[in-house]
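This report refers to the structure that appears directly beneath it.
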Amino acid sequence: MIIAIDGPAASGKGTLARRLAKHFQYAYLDTGSLYRGVALVLLNKGIDPHDMGAAAQASMHVDLSIVDDPALRSEGTGNAASIVAAMPIVRSNLLEFQRKFSISPPGGEQGAILDGRDIGTVVCPDAPIKLFVTASVEERAKRRFSEMKGRDETVIFEQILADVRARDERDTNRALAPLLPAEDAHLLDTTLLDIDAVFLRAVKIVEDTLLTD
Ligand code: DC
C-alpha cells in the first residue's frame, strides 16, 4: 500500500501523515526534509541556495542524519528548500530515493506514506490512495506563527504570512512538478477542521480503499 499526501506549507499534511503511519504501521517519509536537507547543506557552507551547481552536488547523496538537525525545520531552511526544489537536477537526483522508499520501505513495513508536493502526481502516480491536504493561507500562517511562538522564537505574523505566500507562489508556479492535486486525489480542507477530524476522515478513506481491494 502506498499513500501519497500532498499539500502546501503548514497545511497539516505532516501531522496527518505521521498519525496515519502510526495507526496503520506503515513507513513514513517526509520528502520535504530531503529538499530541506539539500538547502541546509548549502546554508551551512554560506552558499546561496540559487547556486545550481552546488545544489546539484548536495542532492547527489541523501544523508538522512541531517533530519535530526533542529535547523532543518526553520523558516529560512524552508524558504531555501523551496528555491532548490525548483531545480530539475535536484528533483531528479532525489526522485529515485523516494520511489525506492515507496516500493520497499526500509523497515519492511506493509505500506509507505510519503508526503510532499508532487507525490501523487510525479513520485507515486499509481498510489492507490492520494490525499491533498490544504487550508487557507491565513490559517496556515496562523499555525506556523503559533508553532514558532511555542518554540520561543521572535516572530511577526505579517512576516510569516508573507513567507507562506511566497512559498506557495514558488511551489505552485514552478515549471517542473508544481504543487497540484492529482486528478484522483481526495481533497481535505483543514481550515475549519481540527487534526482529529482530519485524521478520522483520512482513516475512513484508507479503510474504504483497503476493503474494496
Ligand atoms: O513540506 P516542507 O515545508 O518541509 O517542504 C519544503 C520545501 O521543499 C517546499 O517549499 C517545496 C519543497 N518540496 C517539493 O518541492 N517537493 C516535495 N515533494 C516536498 C517538498
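Just follow the structure's listing: the first ligand is 1, and inside any ligand the first atom is 1. For the numbers below, each heavy atom of this structure counts, side chains included, while hydrogens, waters and symmetry mates do not. Numbers here simply count residues along the sequence, with the first being 1.
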Inset, instruction - State the atoms of ligand 1, each with its element, that fall below the 4.0 Å cut-off from a heavy-atom position in Arg36. - result: 2 (P), 3 (O), 4 (O), 6 (C)

Legend entry - Close-contact set for ligand 1 against Ala85 heavy atoms, below 4.0 Å: 12 (C), 15 (O)

Legend entry - Same apolar cluster (I L V M F W Y, side chains within < 4.5 Å links), Met60/Leu43: no

Atom pairs and distances, side-chain donor-acceptor, residues 15-23, under 3.5 Å, sequence neighbours left out:
| residue | atom | partner | partner atom | Å |
| --- | --- | --- | --- | --- |
| Arg19 | NH1 | Asp196 | OD1 | 2.7 |
| Arg19 | NH2 | Asp196 | OD1 | 3.3 |

Legend entry - N-O pairing of Arg99 and Glu96 below 4.0 Å: no

Legend entry - Identity and distance of the protein heavy atom lying nearest atom 7 (C) of ligand 1: Ala81 CB, 3.7 Å

Inset, instruction - Please report which non-hydrogen protein atom sits nearest to atom 19 (C) of ligand 1, along with the residue it belongs to and the distance in Å to one decimal place. - result: Thr31 OG1, 3.3 Å

Inset, instruction - Tell me which protein heavy atom sits closest to atom 8 (O) of ligand 1, plus the residue, atom name and distance to 0.1 Å. - result: Tyr35 CB, 3.5 Å

Legend entry - Where ligand 1 meets Gly32 - atom numbers and elements under 4.0 angstrom, heavy-atom basis: 4 (O), 5 (O), 19 (C), 20 (C)

Legend entry - Option with minimal heavy-atom separation from atom 2 (P) of ligand 1, where the choices are Arg73, Arg117, Arg174: Arg117

Inset, instruction - Please list, chain by chain and in numerical order, all residues satisfying side chain to side chain donor-acceptor pair (under 3.5 Å) with Asp115, sequence neighbours excluded. - result: Tyr28

Inset, instruction - Give the intermediate values and the outcome of salt bridge (charged side-chain N to carboxylate O under 4.0 Å, His left out) for residues Glu139 and Arg143. - result: CA-CA 6 Å; Glu139 177 60 28; Arg143 290 177 193 166; 3.2 Å; yes

Legend entry - Among Arg170, Arg174, Arg117, side chain to side chain contact (heavy atoms under 4.5 Å, CB included) partner for Leu179: Arg117

Inset, instruction - Quick one: look up the protein heavy atom nearest atom 16 (N) of ligand 1 and list residue, atom name and how far away it is. - result: Arg91 NH2, 3.0 Å

Legend entry - Per atom 6 (C) of ligand 1, closest listed option by heavy atom (Lys13, Arg167, Gln98): Arg167

Inset, instruction - Can you see which heavy atom on Ala4 is nearest to which on Ile119, and at what distance? - result: CB-CG2, 3.4 Å

Inset, instruction - Under 4.0 Å from a heavy atom of Gly116: give me the atoms of ligand 1 that qualify, with their elements. - result: 17 (C), 18 (N), 19 (C)

Legend entry - For ligand 1, the portion of Ser82 having any non-hydrogen atom under 4.0 Å away: both

Legend entry - Distance-only polar pair, side chains of Thr134 and Asp189, donor-acceptor under 3.5 Å: no

